[in-house]
Amino acid sequence: MPTLDLWFDAEAGMFHYVQPFLSKLVWKGGAVGVRLRLEPASDVASLKELAWAYNLARQLVKGMSSESLAWPIDLLDYWLREPRKLGQVRPYSLDAANNPIQGIETYQTQVLAADVQPAD
C-alpha cells in the first residue's frame with residue numbers, strides 16, 4: 001500500500017504534539033518520524049459496500065469508449081477519486097535512531113513489523 005514518511009525536528013516543548021509517535025520512553029527533543037500508510041478496508045461489510053458502489057458507478061459508463069474519458073475507467077481509477085471508500089490512512093511511529101534529519105547519508109527506509117499497530 002502507498003506510504004509517506006514524515007520526519008520532524010521537534011523541540012522538547014512540543015512533547016504533547018509528538019508523544020503518540022515517540023519510539024523511546026525518554027525524549028528531550030529531536031527527530032520524530034511518522035509513516036502514513038493507506039490501508040484497505042479489512043472487514044467484509046466495507047468491501048461489499050465498495051464493490052456495490054463501484055459497480056453502480058461503472059454501469060453508467062460501461063458502454064462508452066476509452067476516448068470519452070468517462071469515470072471510472074477501472075477500480076483503481078474509482079479508488080483514486082474516492083479513497084475513503086476503500087480504506088483509511090493510518091499513522092505509524094518510526095524509529096528515531098535511524099532518521100534522515102541527523103544522517104541523510106546513512107538513512108535506510110524502515111521496514112515495519114507485520115504485527116505493528118498504528119499510533120493513536
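Excluded from the calculations below are hydrogen atoms, water molecules and symmetry mates; all remaining heavy atoms, backbone and side chain alike, are included.
For Y17, the side chain to side chain contact (heavy atoms under 4.5 Å, CB included) partners are M14, not counting sequence neighbours. By the side chain to side chain contact (heavy atoms under 4.5 Å, CB included) test, D9 pairs with I101, sequence neighbours left out. For the salt bridge (Lys or Arg N to Asp or Glu O under 4.0 Å) test, residues two or more places apart in sequence or in another chain that qualify with R37 are E39. In terms of the side chain to side chain contact (heavy atoms under 4.5 Å, CB included) criterion, residue partners of V89 (sequence neighbours excluded) are, by chain and number, L36, L38. Residues forming a side chain to side chain contact (heavy atoms under 4.5 Å, CB included) with Q59 (at least two apart in sequence, or on another chain): N55, K62.
Summarising the hydrophobic clusters (Ile, Leu, Val, Met, Phe, Trp, Tyr; side-chain heavy atoms under 4.5 Å, direct or chained), the residues clustered with L56 are W52.
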Test side-chain contact (heavy atoms from CB on, under 4.5 Å) on V34 and Y92 and set out the steps. CA-CA 6 Å; V34 178; Y92 293 88; over 6 Å; no
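Evaluated for a side-chain contact (heavy atoms from CB on, under 4.5 Å) with V32, the options L6, N99, V18 yield exactly one hit, V18.
A chain of hydrophobic side-chain contacts below 4.5 Å, direct or via other Ile, Leu, Val, Met, Phe, Trp or Tyr residues, connects F8 to F21.
Closest approach of A119 and P20 over heavy atoms only: CB-O, 3.7 Å. Smallest separation of non-hydrogen atoms from L112 and S93: CD2-O, 4.2 Å. Contact record, A31 with A96: O-CB, 3.3 Å, taken as the closest heavy-atom pair. Here the closest non-hydrogen pair linking L22 and F15 is CD1-CE1, 3.4 Å. Nearest heavy-atom pair across P72 and A57 is CD-O, 3.7 Å.
Between the side chain of N98 and the backbone N or O of Q108, at least one donor-acceptor pair lies under 3.5 Å.
Between Y107 and W7, the two ring planes are perpendicular [angle over 60°; tilted spans 30° to 60°].
Within a 6.0 Å radius of CD in Q110, more than 12 heavy atoms belonging to other residues, nucleotides or ligands are found.
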